[in-house]
Amino acid sequence: MTEKKDLILIAGPCSAESQEQLIETAEGLAEGGLITYFRAGIWKPRSQPGFFEGVGEVGLEWMAEIRKAFGFSIITEVGNAAHAEKALKLGFDALWIGARTSVNPFYVQEIADALKGTDIPVFVKNPINPDLKLWLGSVERVEKVTKGEVFPIHRGFSLSGNSRFRNVPNWQIPIELHTLRPDLRLICDPSHIAGKRDYIFEVAQKAMDLNYSGLMIETHPNPHAAKSDAKQQITPERFWEGINNLFIRKNLPPDPQTLSQLKKHRESIDVFDQQLLELLAKRMEVSEEIGNLKNKTGISVLQPERWKSILETAHINGEAMGLSYAFIDQLFKAVHDESIDRQTKKVNY
Ligand code: PEP
Ligand code: MN
(Lines give C-alpha, C1' and ligand atoms only; values in the text may rest on other atoms or scores of the structure.)
(Ligands and ions follow the chains in the order given, each with its own letter.)
Protein backbone atom coordinates (compact mmCIF):
# COMPACT_ATOMS: atom_id res chain seq x y z
CA MET A 1 0.00 0.00 0.00
CA THR A 2 1.27 3.42 -0.97
CA GLU A 3 1.35 5.89 1.91
CA LYS A 4 0.11 9.37 1.14
CA LYS A 5 3.60 10.82 1.21
CA ASP A 6 4.70 8.28 -1.42
CA LEU A 7 1.86 8.94 -3.86
CA ILE A 8 2.95 10.01 -7.33
CA LEU A 9 1.17 13.35 -7.72
CA ILE A 10 0.96 14.98 -11.13
CA ALA A 11 -0.75 18.38 -11.19
CA GLY A 12 -0.95 21.40 -13.44
CA PRO A 13 -3.26 22.76 -16.12
CA CYS A 14 -4.85 20.80 -18.93
CA SER A 15 -3.10 23.17 -21.38
CA ALA A 16 -0.32 25.71 -21.09
CA GLU A 17 -2.10 28.94 -22.06
CA SER A 18 0.38 31.67 -21.09
CA GLN A 19 3.51 32.02 -19.05
CA GLU A 20 1.58 33.90 -16.34
CA GLN A 21 -1.01 31.12 -16.08
CA LEU A 22 1.73 28.52 -15.60
CA ILE A 23 3.50 30.63 -12.96
CA GLU A 24 0.27 31.26 -11.07
CA THR A 25 -0.56 27.54 -11.08
CA ALA A 26 2.96 26.65 -9.96
CA GLU A 27 2.81 29.19 -7.11
CA GLY A 28 -0.44 27.72 -5.88
CA LEU A 29 0.84 24.17 -6.09
CA ALA A 30 4.14 25.01 -4.40
CA GLU A 31 2.25 26.34 -1.36
CA GLY A 32 0.64 23.03 -0.47
CA GLY A 33 3.61 20.66 -0.53
CA LEU A 34 5.54 18.70 -3.05
CA ILE A 35 4.10 17.37 -6.27
CA THR A 36 6.01 14.75 -8.24
CA TYR A 37 5.46 16.35 -11.66
CA PHE A 38 4.10 19.67 -12.88
CA ARG A 39 2.00 18.97 -15.98
CA ALA A 40 0.74 21.03 -18.92
CA GLY A 41 -0.39 20.06 -22.41
CA ILE A 42 1.53 21.88 -25.14
CA TRP A 43 0.01 20.16 -28.16
CA LYS A 44 -3.63 19.36 -27.45
CA PRO A 45 -5.29 16.49 -29.28
CA ARG A 46 -8.92 17.62 -29.57
CA SER A 47 -11.69 15.28 -30.65
CA GLN A 48 -13.08 17.98 -32.95
CA PRO A 49 -11.39 20.76 -34.94
CA GLY A 50 -11.99 24.38 -34.00
CA PHE A 51 -11.06 24.05 -30.34
CA PHE A 52 -7.87 25.29 -28.64
CA GLU A 53 -5.06 23.08 -29.90
CA GLY A 54 -2.32 24.24 -27.55
CA VAL A 55 0.33 26.94 -27.69
CA GLY A 56 2.91 24.67 -29.34
CA GLU A 57 6.66 24.76 -28.95
CA VAL A 58 6.92 28.04 -27.05
CA GLY A 59 5.12 26.28 -24.20
CA LEU A 60 8.04 23.88 -23.82
CA GLU A 61 10.24 26.82 -22.95
CA TRP A 62 7.70 28.19 -20.47
CA MET A 63 7.69 24.77 -18.80
CA ALA A 64 11.49 24.71 -18.65
CA GLU A 65 11.30 28.10 -16.89
CA ILE A 66 8.86 26.67 -14.33
CA ARG A 67 11.31 23.85 -13.70
CA LYS A 68 14.09 26.36 -13.04
CA ALA A 69 12.05 28.78 -10.94
CA PHE A 70 10.14 26.30 -8.76
CA GLY A 71 12.29 23.17 -8.79
CA PHE A 72 9.39 21.06 -10.07
CA SER A 73 9.98 18.09 -12.34
CA ILE A 74 8.01 18.68 -15.52
CA ILE A 75 5.92 16.47 -17.77
CA THR A 76 3.96 16.98 -20.98
CA GLU A 77 2.02 14.99 -23.55
CA VAL A 78 3.73 13.76 -26.72
CA GLY A 79 1.74 12.59 -29.71
CA ASN A 80 4.51 11.80 -32.18
CA ALA A 81 8.28 11.35 -32.47
CA ALA A 82 8.92 15.05 -33.18
CA HIS A 83 7.11 16.05 -29.96
CA ALA A 84 9.16 13.52 -28.00
CA GLU A 85 12.46 14.75 -29.44
CA LYS A 86 11.63 18.39 -28.70
CA ALA A 87 10.57 17.64 -25.11
CA LEU A 88 13.72 15.56 -24.51
CA LYS A 89 15.86 18.40 -25.81
CA LEU A 90 14.30 20.86 -23.36
CA GLY A 91 15.05 18.58 -20.43
CA PHE A 92 11.56 17.30 -19.59
CA ASP A 93 11.71 14.86 -16.67
CA ALA A 94 8.89 12.63 -17.88
CA LEU A 95 6.41 12.33 -20.77
CA TRP A 96 2.91 11.03 -21.18
CA ILE A 97 1.18 9.46 -24.15
CA GLY A 98 -2.47 10.51 -24.43
CA ALA A 99 -5.58 8.40 -24.90
CA ARG A 100 -5.98 9.37 -28.55
CA THR A 101 -2.40 8.26 -29.24
CA SER A 102 -2.11 5.09 -27.15
CA VAL A 103 -4.90 3.73 -29.34
CA ASN A 104 -2.53 3.76 -32.35
CA PRO A 105 0.39 1.29 -32.36
CA PHE A 106 2.11 3.16 -35.22
CA TYR A 107 2.34 6.37 -33.22
CA VAL A 108 3.26 4.63 -29.98
CA GLN A 109 6.06 2.76 -31.75
CA GLU A 110 7.27 5.98 -33.35
CA ILE A 111 7.41 7.70 -29.94
CA ALA A 112 9.08 4.66 -28.35
CA ASP A 113 11.75 4.68 -31.07
CA ALA A 114 12.40 8.38 -30.46
CA LEU A 115 13.00 7.58 -26.77
CA LYS A 116 15.23 4.59 -27.47
CA GLY A 117 18.05 4.16 -24.96
CA THR A 118 16.83 6.97 -22.65
CA ASP A 119 15.74 6.37 -19.08
CA ILE A 120 12.93 8.93 -19.05
CA PRO A 121 9.77 7.77 -17.20
CA VAL A 122 6.79 7.46 -19.54
CA PHE A 123 3.12 7.48 -18.53
CA VAL A 124 0.74 5.74 -20.91
CA LYS A 125 -2.94 6.67 -20.75
CA ASN A 126 -5.48 3.98 -21.50
CA PRO A 127 -6.72 4.09 -25.11
CA ILE A 128 -10.13 5.73 -25.53
CA ASN A 129 -11.74 2.33 -26.19
CA PRO A 130 -11.91 -0.29 -23.43
CA ASP A 131 -9.25 -2.62 -24.84
CA LEU A 132 -6.89 -3.93 -22.18
CA LYS A 133 -4.56 -5.64 -24.66
CA LEU A 134 -4.13 -2.46 -26.68
CA TRP A 135 -3.31 -0.49 -23.50
CA LEU A 136 -0.82 -3.12 -22.30
CA GLY A 137 0.60 -3.34 -25.83
CA SER A 138 1.33 0.40 -25.79
CA VAL A 139 2.99 0.07 -22.37
CA GLU A 140 5.11 -2.82 -23.67
CA ARG A 141 6.19 -0.96 -26.82
CA VAL A 142 7.71 1.72 -24.60
CA GLU A 143 9.12 -0.75 -22.06
CA LYS A 144 10.95 -2.62 -24.80
CA VAL A 145 13.11 0.30 -25.87
CA THR A 146 13.56 2.58 -22.84
CA LYS A 147 15.13 2.00 -19.45
CA GLY A 148 12.81 4.33 -17.53
CA GLU A 149 9.78 3.21 -15.54
CA VAL A 150 6.56 2.99 -17.54
CA PHE A 151 3.32 3.81 -15.73
CA PRO A 152 -0.19 3.12 -17.02
CA ILE A 153 -2.66 5.97 -16.41
CA HIS A 154 -6.34 5.11 -16.10
CA ARG A 155 -8.42 8.00 -17.54
CA GLY A 156 -11.64 6.17 -18.38
CA PHE A 157 -13.18 5.11 -21.68
CA SER A 158 -15.38 6.83 -24.27
CA LEU A 159 -18.54 4.79 -24.23
CA SER A 160 -22.05 5.79 -25.11
CA GLY A 161 -24.72 5.22 -22.50
CA ASN A 162 -25.85 6.66 -19.28
CA SER A 163 -23.00 7.71 -16.99
CA ARG A 164 -22.50 10.54 -14.54
CA PHE A 165 -18.93 10.71 -15.73
CA ARG A 166 -17.34 12.07 -18.90
CA ASN A 167 -15.42 8.84 -19.46
CA VAL A 168 -16.74 5.57 -18.06
CA PRO A 169 -14.19 4.26 -15.56
CA ASN A 170 -14.77 0.55 -16.21
CA TRP A 171 -12.74 -0.27 -13.10
CA GLN A 172 -12.55 -3.94 -14.06
CA ILE A 173 -10.06 -3.11 -16.84
CA PRO A 174 -7.37 -1.51 -14.64
CA ILE A 175 -8.03 -4.19 -12.01
CA GLU A 176 -7.33 -6.83 -14.67
CA LEU A 177 -4.24 -4.93 -15.78
CA HIS A 178 -3.00 -4.93 -12.20
CA THR A 179 -3.66 -8.65 -11.91
CA LEU A 180 -1.69 -9.37 -15.09
CA ARG A 181 1.14 -6.94 -14.33
CA PRO A 182 1.34 -6.33 -10.57
CA ASP A 183 4.80 -4.81 -11.13
CA LEU A 184 3.34 -1.75 -12.94
CA ARG A 185 2.53 1.27 -10.76
CA LEU A 186 -0.93 2.37 -11.78
CA ILE A 187 -1.93 6.05 -11.83
CA CYS A 188 -5.50 7.40 -11.92
CA ASP A 189 -6.54 10.54 -13.82
CA PRO A 190 -9.81 11.40 -12.05
CA SER A 191 -10.11 14.70 -13.96
CA HIS A 192 -10.70 13.02 -17.31
CA ILE A 193 -12.82 10.25 -15.81
CA ALA A 194 -15.08 12.66 -13.92
CA GLY A 195 -15.31 15.50 -16.44
CA LYS A 196 -16.81 17.65 -13.67
CA ARG A 197 -14.79 19.12 -10.80
CA ASP A 198 -17.27 18.08 -8.13
CA TYR A 199 -16.70 14.37 -8.81
CA ILE A 200 -12.89 14.40 -8.98
CA PHE A 201 -12.12 13.42 -5.40
CA GLU A 202 -14.85 10.80 -5.28
CA VAL A 203 -13.04 9.08 -8.18
CA ALA A 204 -9.61 9.74 -6.62
CA GLN A 205 -10.75 8.16 -3.34
CA LYS A 206 -11.96 5.08 -5.20
CA ALA A 207 -8.54 4.82 -6.88
CA MET A 208 -6.92 4.96 -3.44
CA ASP A 209 -9.24 2.22 -2.20
CA LEU A 210 -8.06 0.11 -5.15
CA ASN A 211 -4.37 0.65 -4.27
CA TYR A 212 -3.40 2.95 -7.13
CA SER A 213 0.09 4.46 -6.82
CA GLY A 214 -0.72 8.02 -7.85
CA LEU A 215 -3.00 10.66 -9.33
CA MET A 216 -2.90 13.08 -12.25
CA ILE A 217 -5.23 16.03 -11.59
CA GLU A 218 -5.77 19.10 -13.77
CA THR A 219 -5.32 22.35 -11.86
CA HIS A 220 -5.79 25.90 -13.10
CA PRO A 221 -5.68 29.25 -11.27
CA ASN A 222 -8.99 30.28 -12.85
CA PRO A 223 -10.69 27.04 -13.95
CA HIS A 224 -13.83 28.68 -15.37
CA ALA A 225 -11.74 30.61 -17.89
CA ALA A 226 -9.58 27.64 -18.97
CA LYS A 227 -9.15 27.23 -22.71
CA SER A 228 -9.63 23.46 -22.51
CA ASP A 229 -11.44 21.16 -20.08
CA ALA A 230 -12.79 24.11 -18.07
CA LYS A 231 -15.46 22.02 -16.31
CA GLN A 232 -13.01 19.58 -14.80
CA GLN A 233 -10.14 21.80 -13.70
CA ILE A 234 -9.72 22.83 -10.06
CA THR A 235 -7.70 25.51 -8.31
CA PRO A 236 -4.43 24.51 -6.63
CA GLU A 237 -6.10 25.25 -3.25
CA ARG A 238 -8.87 22.78 -3.99
CA PHE A 239 -6.26 20.29 -5.21
CA TRP A 240 -4.42 20.32 -1.88
CA GLU A 241 -7.65 20.30 0.11
CA GLY A 242 -8.76 17.19 -1.78
CA ILE A 243 -5.39 15.48 -1.43
CA ASN A 244 -5.33 16.20 2.31
CA ASN A 245 -8.80 14.71 2.72
CA LEU A 246 -8.01 11.48 0.88
CA PHE A 247 -8.19 8.47 3.12
CA ILE A 248 -5.53 5.84 2.57
CA ARG A 249 -6.45 2.48 4.00
CA LYS A 250 -3.81 0.41 5.71
CA ASN A 251 -3.10 -2.94 4.20
CA LEU A 252 -2.82 -4.73 7.55
CA PRO A 253 -3.43 -8.46 7.73
CA PRO A 254 -6.93 -8.94 9.21
CA ASP A 255 -7.21 -10.10 12.82
CA PRO A 256 -8.72 -13.59 13.47
CA GLN A 257 -12.20 -12.24 14.27
CA THR A 258 -12.37 -10.11 11.10
CA LEU A 259 -10.94 -13.02 9.14
CA SER A 260 -13.70 -15.36 10.31
CA GLN A 261 -16.39 -12.74 9.50
CA LEU A 262 -14.86 -12.24 6.05
CA LYS A 263 -14.85 -15.99 5.52
CA LYS A 264 -18.55 -16.22 6.39
CA HIS A 265 -19.46 -13.42 3.97
CA ARG A 266 -17.31 -14.92 1.23
CA GLU A 267 -19.04 -18.26 1.64
CA SER A 268 -22.42 -16.52 1.18
CA ILE A 269 -21.10 -14.76 -1.91
CA ASP A 270 -19.93 -18.09 -3.37
CA VAL A 271 -23.40 -19.57 -2.83
CA PHE A 272 -25.12 -16.58 -4.48
CA ASP A 273 -22.69 -16.60 -7.40
CA GLN A 274 -23.45 -20.27 -8.00
CA GLN A 275 -27.19 -19.52 -7.89
CA LEU A 276 -26.70 -16.62 -10.30
CA LEU A 277 -24.93 -18.92 -12.76
CA GLU A 278 -27.63 -21.56 -12.49
CA LEU A 279 -30.36 -18.96 -13.03
CA LEU A 280 -28.56 -17.49 -16.03
CA ALA A 281 -28.11 -20.93 -17.56
CA LYS A 282 -31.86 -21.63 -17.09
CA ARG A 283 -32.74 -18.27 -18.59
CA MET A 284 -30.62 -19.03 -21.66
CA GLU A 285 -32.33 -22.42 -22.06
CA VAL A 286 -35.66 -20.55 -22.25
CA SER A 287 -34.11 -18.14 -24.78
CA GLU A 288 -33.20 -21.12 -26.94
CA GLU A 289 -36.78 -22.41 -26.75
CA ILE A 290 -37.93 -18.99 -27.94
CA GLY A 291 -35.31 -19.25 -30.71
CA ASN A 292 -36.83 -22.57 -31.79
CA LEU A 293 -40.29 -20.99 -31.94
CA LYS A 294 -39.02 -18.01 -33.92
CA ASN A 295 -37.28 -20.41 -36.29
CA LYS A 296 -40.48 -22.39 -36.89
CA THR A 297 -42.69 -19.38 -37.36
CA GLY A 298 -40.29 -16.97 -39.13
CA ILE A 299 -40.58 -14.27 -36.44
CA SER A 300 -37.46 -12.08 -36.32
CA VAL A 301 -34.99 -12.58 -33.47
CA LEU A 302 -34.93 -8.99 -32.24
CA GLN A 303 -38.22 -7.72 -30.91
CA PRO A 304 -37.39 -4.08 -30.01
CA GLU A 305 -40.63 -3.40 -28.08
CA ARG A 306 -40.18 -6.47 -25.91
CA TRP A 307 -36.52 -5.65 -25.24
CA LYS A 308 -37.38 -2.04 -24.38
CA SER A 309 -39.97 -3.17 -21.87
CA ILE A 310 -37.61 -5.77 -20.31
CA LEU A 311 -34.96 -3.10 -19.75
CA GLU A 312 -37.42 -0.53 -18.41
CA THR A 313 -38.88 -3.02 -15.95
CA ALA A 314 -35.39 -4.07 -14.85
CA HIS A 315 -34.43 -0.45 -14.20
CA ILE A 316 -37.57 0.22 -12.15
CA ASN A 317 -37.35 -2.98 -10.12
CA GLY A 318 -33.57 -2.80 -9.80
CA GLU A 319 -33.68 0.74 -8.50
CA ALA A 320 -36.31 -0.22 -5.94
CA MET A 321 -33.85 -2.86 -4.71
CA GLY A 322 -30.98 -0.37 -4.47
CA LEU A 323 -29.16 -1.52 -7.62
CA SER A 324 -27.55 1.26 -9.64
CA TYR A 325 -28.81 2.33 -13.06
CA ALA A 326 -25.42 1.72 -14.69
CA PHE A 327 -25.10 -1.75 -13.19
CA ILE A 328 -28.59 -2.85 -14.31
CA ASP A 329 -27.89 -1.40 -17.73
CA GLN A 330 -24.65 -3.31 -18.21
CA LEU A 331 -25.98 -6.52 -16.74
CA PHE A 332 -29.20 -6.64 -18.78
CA LYS A 333 -27.47 -5.60 -21.99
CA ALA A 334 -24.96 -8.44 -21.51
CA VAL A 335 -27.78 -10.92 -20.79
CA HIS A 336 -29.72 -9.71 -23.83
CA ASP A 337 -26.63 -10.00 -26.06
CA GLU A 338 -26.10 -13.60 -24.99
CA SER A 339 -29.79 -14.33 -25.45
CA ILE A 340 -29.78 -12.92 -29.00
CA ASP A 341 -26.68 -14.95 -29.72
CA ARG A 342 -28.35 -18.18 -28.58
CA GLN A 343 -31.50 -17.43 -30.56
CA THR A 344 -29.54 -16.54 -33.70
CA LYS A 345 -27.82 -19.92 -33.53
CA LYS A 346 -31.21 -21.69 -33.33
CA VAL A 347 -32.61 -19.70 -36.23
CA ASN A 348 -29.58 -20.30 -38.44
CA TYR A 349 -28.77 -23.91 -37.60
C1 PEP B 1 -4.93 15.57 -20.98
O2 PEP B 1 -4.37 14.97 -20.06
O3 PEP B 1 -5.11 16.79 -20.99
C4 PEP B 1 -5.49 14.78 -22.10
C5 PEP B 1 -5.68 15.26 -23.31
O6 PEP B 1 -5.83 13.58 -21.67
P7 PEP B 1 -6.46 12.29 -22.43
O8 PEP B 1 -5.41 11.84 -23.39
O9 PEP B 1 -6.64 11.35 -21.26
O10 PEP B 1 -7.74 12.71 -23.05
MN1 MN C 1 -7.43 17.81 -20.32
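Note that ligands are numbered from 1 as they come in the structure, with each ligand's atoms numbered from 1 the same way.
- Here the options are L215, L34, I187, the test is side-chain contact (heavy atoms from CB on, under 4.5 Å), and the partner is L9; only L215 passes.
- Taking every non-hydrogen atom of R100 and a distance limit under 4.0 Å, the qualifying atoms of ligand 1 come out as 7 (P), 8 (O), 10 (O).
- Side-chain contact, Q274 with D270: no donor N or O sits under 3.5 Å from an acceptor N or O.
- Of all N, O or S atoms in D229, the one lying closest to the Mn ion (ligand 2) is OD2.
- By the 30° and 60° cut-offs, the orientation of the rings of Y325 relative to H315 is parallel.
- Here the CH2-CD1 distance, from W96 to I111, works out to 12.5 Å after rounding to the nearest 0.5 Å.
- For the residue pair H192/D229, the side-chain donor-acceptor check at 3.5 Å is satisfied.
- For E218, the N, O or S atom with the smallest separation from the Mn ion (ligand 2) is OE2.
- Between D189 and ligand 1, a contact under 3.5 Å exists for no N or O pair.
- Listed here is the closest heavy atom pair of S73 and T36: CB-O, 3.4 Å.
- Annotation for ligand 1: atoms under 4.0 Å from non-hydrogen atoms of E218 are 1 (C), 2 (O), 3 (O).
- Protein heavy atom closest to atom 8 (O) of ligand 1, with residue, atom name and distance, is A99 N, 2.8 Å.
- Less than 4.0 angstrom separates some heavy atom of C14 from each of these atoms of ligand 1: 3 (O).
- The ligand atoms of ligand 1 that sit less than 4.0 angstrom from a heavy atom of K125 are 1 (C), 2 (O), 4 (C), 6 (O), 7 (P), 9 (O).
- Interface of G98 with ligand 1, defined as ligand atoms under 4.0 Å from a residue heavy atom, comprises 8 (O).
- On a distance-only criterion, E77 and ligand 1 share no N/O pair closer than 3.5 Å.
- You'll find the side chain of L180 reaches within 4.5 Å of the side chain of L132, heavy atoms only.
- For atom 2 (O) of ligand 1, the candidate residues are Q232, M216, R39; the nearest heavy-atom contact is made by R39.
- Ring pair F70/F72 is parallel by interplanar angle, where below 30° counts as parallel and above 60° as perpendicular.
- Selection from H192, K44, R155, H154 by nearest heavy atom to atom 9 (O) of ligand 1 gives R155.
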